[in-house]
Structure formats: structure tokens, C-alpha cells
Amino acid sequence: MDLLGCPICRCLMCEPVTVSCGHSFCRRCAAISLQSQCPVCKDKLKPRDIRNVKNNVLLCRIIEKCCPEETELKLCLLERLKACNYSQALRIADDGLEIASHDVGLKVLRAEASAGLQRLPDALQDLDDVCRLHPTWSEGFFRKGNILADMGRQREALVQYHRCLQLQTDFFLAKDQIKNILEAEGARVPEEVPQLLQVVSEHIHRPCAASCSVGPASGDAPGLCPDEEQDEVRCLAFPACVCSLSRGLPFRASHTLPAPGCTLFHEPVTTPCGHTFCKNCIERSLDHNLRCPLCKQSLHEYLKNRKYSLTAALQDTMSRLFPRQLEDRKRVHEAEIVELSDLTRDVPIFVCTLAFPGLPCPLHVFEPRYRLMMRRCMETGTRRFGMCTYESSEGFADCGCILEILGLDPLPDGRSYVDTVGGSRFRVLSRGKRDGYHTADIEYLEDQKVEGADLQVLQSLHDSVFQQTQDWYRGLGVPEQTQIRRQYGPMPEREHDIQASSDGPAWCWWLLSVLQLDPTYKTNVLSLTSLKDRLGHLRIVLDYLSQT
């Protein structure tokens, strides 16, 4: 099954691992070929993350179900190679290649077994086949170069390392081998890869010594002398073969591809411990516990990096094999997003403090339910939620203010600092709950507009209370003014049209937030839809303050 092929060796993945960018590779390919970036998406990778990543448990199970015999053979072969039991490994590889004679993965492993037994010509023959079948696989040329170097054919080895570094400029093992060969010959060795490739190219095109100009002796496995470089270039145009091990057997999605505790995966991500979950599912789990729900390994670094890249092999497999089920799963998710985007029904309510229109309201979010709320506000694109104060009988007050998220700064442990600003006021019509946090059906509040003589009276009252507010503010000491400006910002300027905003002049809300009044009283003023009544309440408070 081509969906389960390794992007590096192009064979069926053996001991698959999934790196942080979401792409999966054979463990051995990842250990040797992955240096500083993913060969598929060019995303930067950390060597430590590559070393510590565990086998992808779900991909291992899928591959075992699809290709049980091939998987068992390769795992058995790898065990023999790890134990340095090269004779048995060679017999297993020979048996496998009798069935699948063009299997590149088995040829590579047989070459390793032959090299372990010092049968270098046999190893070279297999690697010649591998490089011709997979002319873009850098590791194949590197392995071939190593065999040639062990055979004492340094110049031919240099050609192979040169080709490897051309294909993958961050293949540092090939770079080190080139430097060793050139330094042994007294040549200048630059550090930068482009200059190093140029030096190697000039070096291998120099006239060969007598020992190097002679081709392999009769009966030797074919290598690659400098005189044969054009043959090597021609063989690079050969089409890659289709691995015989990629013939998948049918399997049932219900046995393999549902997320733990969920239905078919939606946006599957794989943790460093090798377990796979829906992206939303693992995020919600990490809100409560920084360990894998299955193996209990710590995922603190995984949460800190917050790089939930989709596991490409699983996503592609589901898209190819279960398109209808996956489409149904996406529709369910999209319907949920539409529902969460409605800012009149089931609006998320953050029960904490009073917020006012036009004023900043910084938040420190640490509770799991509110972490989920913030993620959903960002995912839906609304970036809005309701803010209400606590009320013992109903859970939260009957009136509140919509907050808009201006910025969200996540912390390594899952908490976050959220910068918000107040928007429209609302009245609660009914209450509910969703996944632990409060919700409400709401209606928005707007100030009643007046005209004619009533507007003149309202303007006069407004100007009088505004002047009274300025006098009170200027009468405060410098420390108090500094503290108010730091916490609430400067006093807003007088507005030319006092009815331009549906919430009235901004300075009224600034004053209400600054004054140390009972929250219930402030909530009542927030709920008023008459600017005249709101100014009347503010005047009463200012008169009291001026007297005391």
C-alpha cells in the first residue's frame, strides 16, 4: 500500500515513527537520514526529538494488518542485525528476496548482513541495485560509499558521498566522510556545503592514479569508478519501482482507525510516545493532565511546543480508504463550528469579573474549561465570548459584556494570558452549559436615542457630568492618577455625538470601572438602556465623593 511507504526509502515502513511535522518514516531511515529538516515539507527538526520519538503504535498495527508476513520478516531480520547475528539475517533476507526479488528494503538489509560477514562485493552488488532503483535516495549512496571505503576504493567512495550530499545537503554523516577522505589526501576542506561539493567535484575529475583508473577485477561486484560517472548519471534517470511489500490487505476501520474514546479520527495527531488522538481530544486531555491518556508518559514538552501537526500517513489513509466516513466526520465537526459561532445562542460565558464596552480586560486563563473556551473562540474565528460576574442563585449575573480577544499568549504549562476589549452589552435570556463552562442565549442592549428638546436636555446633563468627572479626577493625588492610568488607561475625551455609539460615551464606562462600587450596583448601571439614567447614577456617586 503506497500510503504506508516511507518517504525516504520508498518501501513499506518498518517500525514507523512520526516526527513533529506530522510525517512518518522508518525508524532506521529517520535515525540516519533526518538531520535538520523533514525531506517532505522541509520543516526544521530537532535531533533530540528524532532520537526520543517512539514507534507510532497505530501505524505499526495498520501495517501489521495490511502486510503481516512482510512485517514479521523484516522485524525478524532487524532483530538478527541488532544482535549481530549476520548469518541468520542473511538467510532470512535471501528467503525474502526469493519471494520479492526487487524489494529494495530487503536488499538494503541483506547488504548490511553481507557487510557484517565481510562479504563486501555482495553488499556492493545489492547497493548498486538499490541506487539504480531509487536514484533519489541519499542514504543508498551513503551506504554504497561506506562499502567502497571499506574496500579501500576511496575515490569511488568519494563519488557516492558527493552524490549523497547533492541529494541532501544536510546529510552530515556524508559530509564528515568526505572531509576524512580529503584531509587524508591533504586537500583543503571548506565548511560550507556548496563549496565542499565544488571541491569534491574538482577532486574526482582530476586524472586518476593507476590504481584508481583500473576498473573492478573480473568477478568483483560493480562499483563506480570516475570513468563511469556518466553511467551513474544515466542510471539516475531510471524510474523508481513499486515496492512489492506495498500491496496492502483489506482491513476494517472500526478495528484500527477510531480515536481512543472517539469515533473515526478527525485531524489525527501523534504524540512523542507514539499514540494517536484527534487533535481536539488530546488538547482537552492535556487541559486536565499533562500525561498521555494511554501510556501515562509525560507530555509536558509536547504541550510546551504546541505543535499539533496532523499525522499525514493516517490522514491520507483515511481519505483514500474511508472517504465517505471521513466526510461525515468533517460535516459533524463543521456543524459544531457553525453552532459555536452563533453569538446569540449558547454564547460561552466566562464567569469572573465586570467588563465594560471599549475598555481593556486582561485575563489569566488557567482553568481547563476556560482553556477550552478560548481555543474554541479562536478556532471558530469569532474571537468573542461573554463576561459576567458571579451570582449565587443563577450562577452568573443577568447582564454582561461581550469581550473580543485581541491577543492570546500561551504559557508552557497550558495557561495563557489573554488580552481582550469590551464590546456590546447583553441581557441573559436563558442559561446552559457546554463541556463544563456556562453558556447563555442573549439579546444585545442598545441605548435608546432621543431627539429635539430631549436631546438638548441630555446634552446639557452629559456636559455637566463630564465636567464633574474631570474635576474629580484632577482632584486626585498624583499616585492615584498614575495607578488609574496604568490599570484603566487615561480618561477618554468628550465625544462630539453622544449618541453615536449604541453603548453611549466611552468615558462613562471608564468612570464606572474606576469607581470602587458594589459589583451588583455596577451591573445594574451596565444594564441600563437610557443614557440619561446612567448619567444620573454617575452624578449621584460623584456628588457623594465630592462631599466626602
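Because the structure is a prediction, the values reported are computed rather than measured.
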Donor-acceptor pair, side chain of Ser530 and main chain of Asp533, under 3.5 angstrom: yes

Any donor-acceptor pair under 3.5 Å from Arg291 side chain to Lys296 backbone: yes

Taking the basic N atoms (NZ, or NE/NH1/NH2) and the acidic carboxylate oxygens, is any pair closer than 4.0 Å for [X] and [Y]?
{"X": "Asp103", "Y": "Lys107", "result": "no"}
{"X": "Arg28", "Y": "Glu112", "result": "yes"}
{"X": "Asp328", "Y": "Arg331", "result": "yes"}
{"X": "Asp95", "Y": "Arg110", "result": "no"}
{"X": "Glu283", "Y": "Arg376", "result": "no"}

What is the ring orientation for [X] with [Y], classed by angle as parallel under 30°, tilted 30 to 60°, or perpendicular over 60°?
{"X": "His23", "Y": "Phe25", "value": "tilted"}
{"X": "His537", "Y": "Tyr521", "value": "perpendicular"}
{"X": "Phe350", "Y": "Phe385", "value": "tilted"}

Partner residues of Glu339 under the side chain to side chain contact (heavy atoms under 4.5 Å, CB included) criterion, sequence neighbours left out: Asp346, Arg434

Residues that Glu267 engages under side chain to side chain contact (heavy atoms under 4.5 Å, CB included), provided they are two or more places apart: Lys279, Leu310

Atom pair CZ/CE of Arg383 and Met378 - distance to nearest 0.5 Å: 3.5 Å

Interatomic spacing from CZ in Phe396 to CZ in Arg431 - rounded to 0.5 Å: 4.5 Å

Ile442, Asp447, Ile402 screened by side chain to side chain contact (heavy atoms under 4.5 Å, CB included) with Arg425, the one that passes: Asp447

